[in-house]
Amino acid sequence: MLKRHPPLCRVIVSALLFAIVLTPAVPLLPPAAHAQTQRSTFPPRPAKQAEFVPGELLVRFRPGQTVAKTKGRIQLSMLSSGRSLPVEINSFGGSDLVEGLRLARVSPESTFDAIKALRARPDVLYAEPNYIRHFDLAPNDPFYGSQWPLKNSSQFVGGGINAESAWDTTTGNQNIVIGVIDSGIDIDHRDLKDNIFVNTAETPNNNIDDDNNGFVDDVNGWDFIHNDRTVFDTANDDAHGTHVAGTIGARGNNAAGIAGVSWNVQLMPLKAIGVGGGTDAVVIEAYNYAKMMRQRGVNLRVLNNSYGGQAFSQSLLNAIKELGDAGILFVAAAGNDTLNNDSVPHFPATYDLPNVISVAASTQGGFF
């Protein structure tokens with residue numbers, strides 16, 4: 001049987017694409033070579049057993065309507081099957097990114113009744129479950145010698161990305177910021193600590209929002225799972241994000257660990273995927289933070305997204321479009337499941353948007 005090697009990963013970082021890497025201390029996981037995206041102007045084949053949070057909905061109200069203009073919490077009462085159905089409507093971190101988008105809460109058993117009732121309202125554009133996305137898993141490999149995707153494409157059937165040739169031109173740019181939406185990142189990791197983003201407008205650990213952006217002490221990014229500044233909790237919980245960060249920007253030529261494709265870059269940890277996955281609402285909050293920081297002058301050019309699921313979300317699509325309008329490239333893993341995304345979608349990679357780069361997987365012997 002053919003031995004499976006770590007998947008090939010590509011992402012635009014300055015003049016480089018990034019490929020699979022690992023460090024001996026903490027596994028550094030890959031995003032995934034360029035794949036065709038599927039047109040998503042309408043939902044593809046419904047996902048089977050798509051995970052969502054019972055009792056939570058993402059609802060977009062028509063811009064200009066009363067609910068869309070109201071901040072904070074609103075209580076609605078709707079009729080469903082002849083009975084009154086209470087719905088709590090809340091502004092959340094993604095409401096500033098997509099106009100009219102709100103997080104609604106109902107009793108878990110009323111989830112689909114509430115969706116049906118909300119969709120019937122003339123002031124609602126759409127209502128959908130708050131889906132859960134998961135990491136794209138990949139095997140571990142602790143040696144630089146196994147970083148075959150970095151090599152020249154002629155050396156392997158699957159093709160490398162010629163990173164070594166690119167390094168003759170550039171090894172990255174410390175002025176570029178890449179947001180990593182994932183688990184947390186070990187910001188003290190020997191191969192990453194010199195490339196971790198620092199918000200110079202914040203004074204560390206003074207419990208003051210110095211830059212008035214709504215986040216206290218967000219010196220290195222933010223943890224949207226626990227809603228705090230601690231972007232690294234444990235090596236086990238945050239191994240995936242640390243792996244991905246190394247794929248993108250582990251320090252090269254430092255006689256330690258491995259080399260990321262971009263040796264010089266700033267990595268912004270945006271923790272939005274936990275051990276059990278991450279909801280679309282939390283992920284959209286991370287998107288909004290990235291856009292807000294870019295608008296405040298941080299040169300955030302790329303968001304990396306090594307997670308996904310089969311469920312189509314209009315909210316997620318609208319949010320990613322807003323990122324594109326703000327000049328942010330969105331790189332998403334197409335999955336490591338050897339599946340054809342044209343037949344079995346993997347969102348957000350499958351969204352047909354101009355700022356989305358869908359990244360597929362490859363073995364050393366050729367593409368899956």
Side-chain angles (χ1 to χ4, degrees), residues 38-133 214 278-289 291-292 309-326 330 345 347-348 350-356:
Q38 175 177 326
R39 182 170 299 279
S40 53
T41 52
F42 57 90
R45 186 180 65 188
K48 295 181 179 179
Q49 299 179 336
E51 290 185 68
F52 60 88
V53 181
E56 289 192 4
L57 317 172
L58 285 171
V59 186
R60 189 177 185 190
F61 291 86
R62 293 184 184 279
Q65 297 296 309
T66 301
V67 179
K69 294 189 294 184
T70 304
K71 298 291 185 180
R73 180 179 301 175
I74 299 176
Q75 293 288 343
L76 297 179
S77 181
M78 300 182 300
L79 282 178
S80 175
S81 301
R83 64 184 179 87
S84 177
L85 179 61
V87 181
E88 179 184 287
I89 306 295
N90 300 273
S91 297
F92 73 113
S95 298
D96 292 331
L97 183 60
V98 178
E99 186 179 4
L101 187 62
R102 297 293 186 268
L103 180 63
R105 291 189 172 90
V106 298
S107 60
E109 65 274 11
S110 299
T111 300
F112 291 103
D113 287 339
I115 289 175
K116 183 178 179 180
L118 282 163
R119 287 177 175 175
R121 288 174 59 101
D123 62 343
V124 170
L125 289 171
Y126 60 80
E128 60 191 8
N130 188 13
Y131 291 113
I132 298 173
R133 312 289 163 176
T279 68
D280 285 348
V282 171
V283 167
I284 291 172
E285 288 185 349
Y287 295 173
N288 187 54
Y289 180 92
K291 179 185 175 183
M292 176 266 294
Q310 288 187 36
F312 174 93
S313 166
Q314 187 67 47
S315 302
L316 215 57
L317 184 149
N318 290 344
I320 296 168
K321 181 182 183 301
E322 293 293 331
L323 294 175
D325 292 344
F330 190 93
F347 297 106
T350 302
Y351 289 128
D352 186 13
L353 291 169
N355 63 316
V356 172

Between the side chain of T111 and the main-chain N/O of G55, is any donor-acceptor distance below 3.5 Å?
yes
Between N318 and Q314, do the side chains contain an N or O donor and an N or O acceptor separated by less than 3.5 Å?
yes
For Y289, ring-ring contact (aromatic ring centres under 6.0 Å, His included) partners two or more places apart:
F215, F224
Taking all non-hydrogen atoms of both residues into account, name the closest pair between A311 and F347 and its distance.
O-CD1, 3.3 Å
To the nearest 0.5 Å, what is the distance between CZ (F92) and CG (L58)?
5.0 Å
Identify the two heavy atoms, one from V59 and one from A127, that lie closest to each other, and give their separation to 0.1 Å.
CG2-CB, 4.1 Å
Closest heavy-atom pair and its distance - S84, L79:
N-CD2, 4.2 Å
The salt bridge (Lys or Arg N to Asp or Glu O under 4.0 Å) partners of R133 (sequence neighbours excluded) come to D280
Separation of I284 CD1 from L323 CG (nearest 0.5 Å):
9.5 Å
Separation of Q75 CD from N90 CG (nearest 0.5 Å)
8.0 Å
Do you know the tightest heavy-atom contact between F61 and L125?
O-CD1, 4.2 Å
Please enumerate all residues that pass ring-ring contact (aromatic ring centres under 6.0 Å, His included) together with F112, with sequence neighbours excluded.
F52
d(F312 CZ, E128 CD) to nearest 0.5 Å is 7.5 Å
Does any N or O in the side chain of N355 come within less than 3.5 Å of the main-chain N or O of I320, such that one atom is a donor and the other an acceptor?
yes
Tell me every residue that passes salt bridge (Lys or Arg N to Asp or Glu O under 4.0 Å) with R121, counting only those two or more places apart in sequence or in another chain.
D123
Determine whether a donor-acceptor pair (N or O, by modelled atom type, separation under 3.5 Å) exists between the side chain of N130 and the backbone of A281.
yes
Heavy atoms of S313 and Y351 approach each other most closely as O-OH, 2.7 Å
Quick one: which residue pairs count as a salt bridge (Lys or Arg N to Asp or Glu O under 4.0 Å) with a foot in residues 53-63, not counting sequence neighbours?
E56-R105
When rounded to the nearest 0.5 Å, the distance separating NZ of K116 from CG of L85 is 12.0 Å
Drop me the distance from I115's CD1 to S110's OG, to the nearest 0.5 angstrom.
11.0 Å
May I ask you to test the T70-S91 pair for a side-chain heavy-atom distance under 4.5 Å?
no
With sequence neighbours excluded, tell me which residues meet salt bridge (Lys or Arg N to Asp or Glu O under 4.0 Å) with E88.
R73
Identify the heavy atoms of L101 and G94 that sit nearest to each other, and give their distance.
CD2-O, 4.2 Å
